[in-house]
Amino acid sequence: MIFNKAFAEHPTPWQLYFQDTATPIMEGIVNLHNDLVFFLIIIAIFVLWMLIRTLMIHVKSNNPIASNVTHGTAIEIAWTVTPSLILMMVAIPSFALLYSMDEMVDPVITLKVIGHQWYWSYEYSDYVANHKLNKSINYDSYMVPEEDLELGQLRLLEVDNRVLLPVGSHIRAIITAADVIHSWAVPSLGVKLDGVPGRLNQIGMFIKREGVYYGQCSEICGVNHGFMPIVIEAVNLSNYINWINTKSLA
């Protein structure tokens, strides 16, 4: 463990906003969310104003003689065309973000993630831990029980074996499952991808800063669904190489 809780990104009580971002993809998600909220606020104010004006105008004391108008061509065109234009404005950055999330930029590290009931297995296929046996670096990651937690560790979020990844490197995560559908999700990294038995899904990551990032399985996968957390520890390249060497000699 290289970092302590002070460098961690995890949910906090009464949290209403996103966790701090650590990848360009998550930055794009947050920016798109903020842009959409701007449009939502404008639309909500306009609709509220229309409702209030309608109630005021149709009060019997203000308008004792009811109008016979049932259609208005101009207003119907306006309320059809305006939402269409807004959707087009939203679609352009949405599609750009979706395509960038699927983009895989020459990954230098491949991490294989396998979901089990109810723990995660990780495999670093780019390295050979034992040249004679030709085995990759792989290990299981279980949640630390509440009675075994140390001071400062997070309940239901800490694991016995963290995932170590370097910052400033393009990383490919290949995700699958051994039994039922799981979902590997780390909010600060903008990662949320299903692990489906018999299928390999992939997603790219580029972690910009060092720290510890917490996540959980976000697919209801059984009775212990809430007890298979994810912890990614992002370190500089030299510390990552030292960790790989240590794992290789183990």
Side-chain angles (χ1 to χ4, degrees), residues 9-57 69-107 113 165 167-175 181-196 199-209 211 213-221 225 230 232 234:
E9 296 297 346
H10 56 83
T12 57
W14 300 99
Q15 182 174 353
L16 298 178
Y17 197 62
F18 298 98
Q19 298 177 23
D20 290 340
T21 62
T23 63
I25 291 298
M26 190 58 193
E27 291 176 358
I29 293 173
V30 172
N31 290 334
L32 178 62
H33 166 269
N34 294 341
D35 293 339
L36 293 181
V37 168
F38 169 78
F39 286 107
L40 289 175
I41 292 173
I42 298 300
I43 293 171
I45 293 174
F46 176 73
V47 171
L48 180 62
W49 177 80
M50 288 286 290
L51 289 173
I52 294 174
R53 288 291 297 166
T54 301
L55 292 174
M56 292 175 61
I57 291 174
V69 176
T70 57
H71 294 284
T73 303
I75 189 64
E76 290 184 2
I77 293 175
W79 71 40
T80 302
V81 173
T82 303
S84 301
L85 294 176
I86 294 175
L87 289 175
M88 291 177 62
M89 294 174 61
V90 170
I92 295 173
S94 298
F95 286 138
L97 181 60
L98 284 173
Y99 284 123
S100 65
M101 292 173 68
D102 287 335
E103 188 77 14
M104 195 61 59
V105 184
D106 295 332
V113 181
L165 293 173
V167 298
S169 301
H170 290 285
I171 303 164
R172 173 177 58 184
I174 298 177
I175 303 170
I181 299 177
H182 299 274
S183 185
W184 202 66
V186 185
S188 291
L189 305 183
V191 174
K192 184 179 183 293
L193 193 63
D194 284 349
V196 182
R199 178 173 177 174
L200 294 177
N201 294 327
Q202 69 174 4
I203 191 168
M205 294 181 290
F206 184 87
I207 305 176
K208 299 176 64 175
R209 59 186 175 87
Y213 307 100
Y214 290 85
Q216 288 178 300
C217 176
S218 61
E219 189 73 47
I220 299 177
C221 57
H225 155 69
I230 303 158
I232 295 180

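What you see below is based on every heavy atom in this structure, not just the backbone, and it leaves out hydrogens, waters and symmetry mates.
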So, for [X] and [Y], which heavy atoms are closest and what is the spacing to 0.1 Å?
X: P83; Y: A78; answer: CD-O, 4.0 Å
X: M205; Y: A173; answer: CE-CB, 4.1 Å
X: R172; Y: P107; answer: CB-CB, 3.6 Å
X: C217; Y: I230; answer: N-CD1, 4.3 Å
X: G195; Y: I175; answer: CA-CG2, 3.7 Å
X: V186; Y: Y214; answer: CG1-O, 3.9 Å

What is the distance from atom [atom1] of [X] to atom [atom2] of [Y], rounded to the nearest 0.5 Å?
X: I92; Y: L87; atom1: CD1; atom2: CG; answer: 11.5 Å
X: I43; Y: L48; atom1: CD1; atom2: CG; answer: 13.5 Å
X: L193; Y: E219; atom1: CG; atom2: CD; answer: 11.0 Å
X: D106; Y: M104; atom1: CG; atom2: CE; answer: 10.5 Å
X: L97; Y: I25; atom1: CG; atom2: CD1; answer: 6.0 Å
X: T23; Y: I29; atom1: OG1; atom2: CD1; answer: 7.0 Å

Applying side chain to side chain donor-acceptor pair (under 3.5 Å), name anything that partners Q19, two or more places apart in sequence or on another chain.
S188
More than 12 non-hydrogen atoms from neighbouring residues, nucleotides or ligands closer than 6.0 Å to [atom1] on [X], yes or no?
X: Y17; atom1: OH; result: yes
X: M88; atom1: CE; result: no
X: L36; atom1: CG; result: yes

So do the side chains of M50 and F46 get within less than 4.5 Å of each other, counting heavy atoms only?
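In short, these two side chains touch, coming nearer than 4.5 Å.
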Single hit among M26, H33, E27 for side-chain contact (heavy atoms from CB on, under 4.5 Å) with V30
M26
Check step by step if side-chain contact (heavy atoms from CB on, under 4.5 Å) holds for V191 and I232.
CA-CA 12 Å; V191 174; I232 295 180; over 6 Å; no
Applying side-chain contact (heavy atoms from CB on, under 4.5 Å) to Y213 and I207, what does each step give before you reach the verdict?
CA-CA 10 Å; Y213 307 100; I207 305 176; 4.1 Å; yes
